[in-house]
Amino acid sequence: MILNLVTSNEHKLEEYRNGLYPLGIEVKHLHVDCDEIQADTLHEVVLACMEQLKGDGYRDFILDDSGMFVPALNGFPGVYSAYVMQTIGCQGMLRLLDGLNRSAHFECCIGVCSDELGEFTLTGRSPGRIITEKRGEGGFGYDPIFMPEGQELTFAEMDMVTKNHHSHRGKAMVELARELKQRMEGKK
Ligand code: IMP
């Protein structure tokens, strides 16, 4: 099976290819842009992008929206994760968390739009904590400061297979493969 992934992030593309290939899914890059609306949830952002792309005539694609949520900051940066990364970055997040509880989690919402298998969304979640200084060179975004639960390495210190095993996106991919399989079997 082939899926067309809408993203402007090369790291995400590689993570999807790495995570879905062993599950029998090939990922192609669909080079289109979606204006990310400001909304309260990742799910709303994903639905709005799906509608926009369908309105532009696109049919078979997947896309995702992700964010890092810190309970001690009432869920911030959450849906504002991209803006916060562009403005204050990892160092700014570390300053904001000084003296606060460092628990955090990542969430990823994947939207699927398929003529054959229907439209649906799935989510994956990775609980963990934000460490006190950046560690590691791999990955992107908040990877150098986020350590998933039960691990002693940040996402940026993990190889991609290991990051996918623990990450919000990797978990959403497993759900995606399961759901696609069920829907394909239902068609037989
Ligand atoms: P996006 O809108 O899904 O691209 O993600 C919003 C922001 O969350 C990005 O700019 C990244 O900084 C951050 N982010 C999303 N996924 C990850 C991840 O897997 N690791 C680290 N940061 C991430």
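Order of appearance sets the numbers: ligands from 1, and atoms from 1 within every ligand. Numbering starts at 1 and runs along the sequence shown. Given the structure is predicted, the values throughout are model-derived calculations rather than measurements.
- Between F106 and Y142, the ring-plane angle classifies as tilted under the 30° and 60° cut-offs.
- D64 places a side-chain heavy atom less than 4.5 Å from the side chain of S66.
- Taking distance alone, with nitrogen or oxygen atoms compared against 3.5 Å, D143 approaches ligand 1 more closely than that limit.
- Considering backbone and side-chain atoms together, H168 places an N or O closer than 3.5 Å to an N or O of ligand 1.
- Checked against E157 for a salt bridge (charged side-chain N to carboxylate O under 4.0 Å, His left out), the options K134, K163, R135 give a single hit: R135.
- Residue contact annotation: F155 has no non-hydrogen atom under 4.0 Å from ligand 1.
- Residue contact annotation: F146 has no non-hydrogen atom under 4.0 Å from ligand 1.
- The main-chain N or O of Y83 is found under 3.5 Å from a side-chain atom of T87 such that the two form a donor-acceptor pair.
- Shortest contact from atom 5 (O) of ligand 1 to any protein heavy atom: S66 O, 3.3 Å.
- Set against the non-hydrogen atoms of F106, the atoms of ligand 1 under 4.0 Å away are 14 (N), 17 (C), 20 (N), 21 (C), 22 (N), 23 (C).
- Among protein heavy atoms, the minimum distance from atom 16 (N) of ligand 1 is reached at R169 NH2, 2.8 Å.
- Classified by interplanar angle (parallel below 30°, tilted 30° to 60°, perpendicular above 60°), the ring pair F146/F155 is tilted.
- Counting only heavy atoms of the protein, atom 1 (P) of ligand 1 lies nearest to K12 NZ, 3.4 Å.
- Between the side chain of R59 and the backbone N or O of K54 there is at least one donor-acceptor pair closer than 3.5 Å.
- Within the listing of ligand 1, atoms 12 (O) sit less than 4.0 angstrom from a heavy atom of M85.
- Remark: minimum distance from atom 2 (O) of ligand 1 to any protein heavy atom is reached at D65 OD1, 2.8 Å.
- Nearest non-hydrogen protein atom to atom 8 (O) of ligand 1 is S81 CB, 3.4 Å.
- Residue, atom and distance of the protein heavy atom nearest to atom 10 (O) of ligand 1 are A82 CA, 3.4 Å.
- Where the criterion is an N or O separation shorter than 3.5 Å, residue side chain and backbone included, K163 meets it with respect to ligand 1.
- For D60 (side chain) and N4 (main-chain N/O), no donor-acceptor pair under 3.5 Å exists by modelled atom type.
- Between the side chain of R183 and the backbone N or O of L117 there is at least one donor-acceptor pair closer than 3.5 Å.
- In terms of protein heavy atoms, atom 22 (N) of ligand 1 is closest to Y142 N, 3.1 Å.
- At a cut-off of 3.5 Å, with distance as the only test, no side-chain donor of S126 or H105 sits close to an acceptor on the other residue.
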